[in-house]
Amino acid sequence: MAHLPDISNRDATTSVAAAIRYALKRQNIEPVSLGAQVDIQHEGDRPKSMYLVKSGWIYSYALLADGQRQILFLHQAGDIAGLADFGVERVSCSLRSMGGCVVLPIPITAIATADFLTPEIITYFLQKSAQMQSILMRTLIAVGRMDARHRIVWLILMLDDRLPHSGDQRPIVEIPLNQSEIGDLIGLTNVSVSKMLCQLSDEGYICL
């Protein structure tokens, strides 16, 4: 998976990090800190901004006709929440913060300018769009074809795959969702999520 270079690190020398830092500075875009469970966009709104996640997590979600919630995507540091709605009249999903997070709101009007869309940033946007499509396709397979246990295992492996790895050291994977949110992402009830997590913990695969 492609990861965004640390754009706050002034020693970073990659062309992507430098291009993004420069574009954000030209547009006077400052980071915004969000508390837990804050909606920054609602389904049906007119798109105003995309949100470059600097730290923490945001998820995209939609409300179904019966009032249930479907979580569509987990956006981590380096992701661009709202990228899927670029160029539409109304956004297709809501965006909500998980825990504390920091985002850089990039106005749609700024993104559409040649000053912002440099070749490096366009390439990065395409990479993030392709990454999102790949994850969504694998999520569809998991939800449509896997049993409860394998859905939970798939979620853990997906999160592990998205973490930056260095050498042979494997990072500790922390699921940033509560049981209700896990169920809303992979189509399980709270009871099924709890049962499978306890089972995996008892077998020594995870720690609760």
How close do [X] and [Y] get, heavy atom to heavy atom, and via which atoms?
X	Y	value
Ile58	Val53	CD1-CG2, 4.2 Å
Pro176	Leu159	CD-CD1, 3.9 Å
Pro107	Ile29	CD-CD1, 3.8 Å
Asp79	Gln131	OD1-OE1, 3.5 Å
Val88	Asp85	CG2-O, 2.9 Å
Leu197	Ile206	O-CD1, 3.5 Å

Could you work out, with side chain to side chain contact (heavy atoms under 4.5 Å, CB included) as the rule, every residue matching [X], not counting sequence neighbours?
X	value
Asn28	none
Ala36	none
Arg145	none
Gln199	Arg149, Met196, Glu203

With a 4.5 Å cut-off on side-chain heavy-atom distances among I, L, V, M, F, W and Y, is there a chain of contacts connecting [X] to [Y]?
X	Y	result
Ile111	Ile121	yes
Ile182	Leu64	no
Leu155	Val191	no
Leu200	Leu208	yes
Leu74	Val173	yes

Is it the case that the side chain of [X] and the backbone of [Y] share a donor-acceptor pair, with hydrogens and angles ignored and the cut-off at 3.5 Å?
X	Y	value
Gln41	Val91	no
Ser129	Phe125	no
Ser60	Leu72	no
Ser134	Ala130	no

Just wondering, do [Y] and [X] contact through their side chains at under 4.5 Å, heavy atoms?
X	Y	answer
Arg162	Met158	yes
Asp161	Arg138	yes
Ile20	Leu24	yes
Ile40	Val32	no
Ile152	Ile186	yes

* Asked: Any chance CD of Gln133 has more than 12 other-residue heavy atoms, nucleotides or ligands included, within less than 6.0 Å?
  ->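 For Gln133, atom CD is not crowded (no more than 12 foreign heavy atoms under 6.0 Å).
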
Sorted by chain and number, sequence neighbours left out, side-chain hydrogen bond (donor to acceptor under 3.5 Å, both in side chains) with Gln27 holds for none

Applying side-chain hydrogen bond (donor to acceptor under 3.5 Å, both in side chains) to Gln37 and not counting sequence neighbours gives Glu181

Results of salt bridge (Lys or Arg N to Asp or Glu O under 4.0 Å) for Arg151 - residues two or more places apart only
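Salt bridge (Lys or Arg N to Asp or Glu O under 4.0 Å) check on Arg151 returns nothing, list empty.
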
What pairs with Asp184 under salt bridge (Lys or Arg N to Asp or Glu O under 4.0 Å), at least two apart in sequence or on another chain?
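Checked Asp184 against salt bridge (Lys or Arg N to Asp or Glu O under 4.0 Å); matches are Arg69.
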
How many angstroms lie between atom [atom1] of [X] and atom [atom2] of [Y], to the nearest 0.5 angstrom?
X	Y	atom1	atom2	answer
Leu52	Lys128	CG	NZ	9.5 Å
Gln179	Ser192	CD	OG	10.5 Å
Met146	Thr139	CE	OG1	9.5 Å
Leu83	Met50	CG	CE	5.0 Å
Ser49	Ile80	OG	CD1	13.0 Å
Ser94	Ile71	OG	CD1	11.5 Å

Pairwise ring-ring contact (aromatic ring centres under 6.0 Å, His included) hits with a residue in residues 37-60, at least two apart: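 Matches after skipping sequence neighbours: Tyr59-Tyr61.
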
### Query
What pairs of residues pass the ring-ring contact (aromatic ring centres under 6.0 Å, His included) test when at least one of them lies in residues 75-94, not counting sequence neighbours?
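Matches after skipping sequence neighbours: Phe73-His75.
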
Applied to residues 30-46, the salt bridge (charged side-chain N to carboxylate O under 4.0 Å, His left out) test, sequence neighbours excluded, yields Asp39-Arg96, Arg46-Glu89

Is there a side chain to side chain contact (heavy atoms under 4.5 Å, CB included) between Ile156 and Asp160? Walk through the geometry before answering. CA-CA 6 Å; Ile156 295 170; Asp160 175 71; 5.6 Å; no

Practice prompt. Please identify each residue that fulfils ring-ring contact (aromatic ring centres under 6.0 Å, His included) with Phe116, with sequence neighbours left out.
Written response: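 ring-ring contact (aromatic ring centres under 6.0 Å, His included) check on Phe116 returns nothing, list empty.
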
